[in-house]
Amino acid sequence: MPELPEVEHVVRALRRAVVGRRIIATEVGLPKLIAPSSVNNFRRKLKDSLITGVSRRGKFILIEVESDRVLAVHLRMTGAFMILTSDDELPRHAHAVFYLDDDRRLVFKDQRQFGIMRLVARSRLASTKGICELAPEPFSEDFSIAYLRETLSRSRRTLKTLLLDQTRVLGLGNIYAAEALFRARINPFKIAAELSPRRVPQLHQAIRDVLGAAVAGISAKRLDLENPNGFSYGEAFERIWQVYEREGEACLKCGARIRRMTHAGRSTYWCPRCQRR
DNA sequence: ACCCTCACCTGCACGC
DNA sequence: TGCGTGCAGGTGAGGG
């Protein structure tokens with residue numbers, strides 16, 4: 001489910017919940033989750049490790065453990081962490097369980113089984129495939145207007161597709177890509193290289209605004225991993241969705257009917273009046 | 001190098 | 001009730 005703001009929320013919640021805890025034992029019920037590592041190797045390397053920090057790179061959650069290793073986790077569509085006490089029942093699709101030294105369990109569940117976990121040496125993280133190709137963090141100085149202008153100018157893909165490419169623009173997914181384009185009043189089917197240079201700053205600002213507002217909106221909900229009930233991502237920041245899942249509804253800015261089209265395999269929503277070609 | 005389509009999975013909502 | 005279809009917030013492999 002998650003795009004960068006949701007991942008950031010999980011990182012903060014994990015930080016509160018597990019930093020300083022030691023992993024006593026690990027169980028993995030879905031070997032492909034941690035492939036190509038073997039389950040035995042994975043368990044052995046994590047055994048008795050202190051969790052020293054939790055950070056993020058793009059949509060990867062980085063759980064730092066002793067002996068300078070990092071557990072890089074990607075939630076993909078349906079991955080989620082939760083904290084259980086020793087007598088809570090395991091939820092469906094719980095594929096990895098980390099037993100902590102305070103009698104709680106950190107559980108990774110994933111209905112669609114797309115999520116991945118890789119235990120890598122900290123020194124090799126930056127050169128790890130899947131991570132080394134990622135674009136600059138959207139709130140870093142490296143993600144500048146000049147960077148975006150240069151990136152757009154080199155692509156003949158549509159803006160919608162380009163915004164979903166994590167090696168070009170980091171952090172957006174299908175919802176926030178649509179929201180950012182709406183906010184910038186740019187048509188999703190516009191060829192990236194053909195976007196007028198004077199509109200690049202608007203798009204740049206819209207990307208940061210959408211991601212920033214979502215991070216703030218989720219953070220204000222003060223959700224944590226110990227109380228997963230009642231936690232629906234959609235619910236957490238639904239109010240800021242202005243076009244996503246609003247096909248046929250009136251545009252909040254101009255009243256025209258929001259349209260939806262399948263493009264590059266994904267639903268794309270836009271306002272035909274605010275976001276003319 | 002680029003870009004598209006499909007594949008990876010389960011589950012849910014919908015129409016017949 | 002069941003069954004088929006389409007859809008879901010992500011990405012990677014493989015092909016043109």
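These numbers come from a predicted model, not from an experiment. Throughout, protein chains are lettered first and strands after them, A, B, ... in sequence-line order, and every chain is numbered starting at 1.
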Under a 4.0 Å N-O cut-off, is there an ion pair linking [X] with [Y]?
{"X": "A/Glu27", "Y": "A/Arg43", "result": "no"}
{"X": "A/Glu8", "Y": "A/Arg56", "result": "yes"}
{"X": "A/Arg57", "Y": "A/Glu137", "result": "yes"}

Whole angstroms only, please: what is the [atom1]-[atom2] distance between [X] and [N]?
{"X": "A/Leu33", "N": "C/dT11", "atom1": "CG", "atom2": "P", "result": "16 Å"}
{"X": "A/Ile116", "N": "C/dT11", "atom1": "CD1", "atom2": "P", "result": "9 Å"}
{"X": "A/Arg57", "N": "C/dT11", "atom1": "CZ", "atom2": "C1'", "result": "16 Å"}
{"X": "A/Glu133", "N": "C/dT11", "atom1": "CD", "atom2": "C1'", "result": "12 Å"}
{"X": "A/Tyr176", "N": "C/dG9", "atom1": "OH", "atom2": "C1'", "result": "8 Å"}
{"X": "A/Phe114", "N": "C/dG10", "atom1": "CZ", "atom2": "P", "result": "12 Å"}
{"X": "A/Gln113", "N": "C/dT11", "atom1": "CD", "atom2": "C1'", "result": "16 Å"}
{"X": "A/Leu164", "N": "C/dG9", "atom1": "CG", "atom2": "C1'", "result": "10 Å"}

* To do: Verify ring-ring contact (aromatic ring centres under 6.0 Å, His included) between A/His74 and A/Phe114, making sure each step is shown before the conclusion.
  => CA-CA 9 Å; A/His74 200 299; A/Phe114 292 167; over 10 Å; no

Exercise. Between C/dA13 and B/dC9, how far apart are the P atoms? Round to whole Å, please.
Key: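 It works out to 15 Å between them.
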
Distance between P atoms of C/dT11 and B/dG11 (Å, rounded):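 About 22 Å, rounded to a whole number of Å.
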
Pair A/His204 and A/Phe143, ring centroids less than 6.0 Å apart: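 Close enough - the centres of the two rings lie under 6.0 Å apart.
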
Quiz item: Which nucleotide span of DNA chain B, 5' end to 3' end, has atoms closer than 4.0 Å to non-hydrogen atoms of chain A?
Solution: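 Contact boundaries, 5' end first: B/dC2 to B/dG11.
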
| said: As a quick check of understanding, evaluate salt bridge (charged side-chain N to carboxylate O under 4.0 Å, His left out) for A/Asp165 and A/Arg157, giving each step before the final call. | reply: CA-CA 10 Å; A/Asp165 182 343; A/Arg157 298 148 90 186; 2.8 Å; yes

Symbol by symbol from the 5' end, with Watson-Crick or G-U pairs under 3.5 Å, [ ] crossing and | another strand, DNA chain C is .|||||||.|||||||

Exercise: do [X] and [Y] side chains pair donor with acceptor under 3.5 Å:
{"X": "A/Lys160", "Y": "A/Asn174", "value": "yes"}
{"X": "A/Glu6", "Y": "A/Tyr176", "value": "yes"}
{"X": "A/Asp87", "Y": "A/Thr85", "value": "yes"}

Within 45° of the axis and under 6.0 Å from the centre of the six-membered ring of A/Tyr99, does NZ or CZ of A/Lys47 qualify?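 No, A/Lys47 and A/Tyr99 do not form such a contact.
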
Practice task
Could you tell me whether A/Arg208 atom CZ has more than 12 heavy atoms of other residues or ligands within 6.0 Å of it?
Solution key: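 Buried by this count: over 12 neighbours within 6.0 Å.
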
Tabulate atom names and distances for all N/O pairs under 3.5 angstrom spanning the protein and nucleotides 6-8 of chain C.
unit_1 : atom_1 : unit_2   : atom_2 : d
C/dA8  : OP1    : A/Ser267 : OG     : 2.3
C/dA8  : N3     : A/Arg112 : NH1    : 3.3

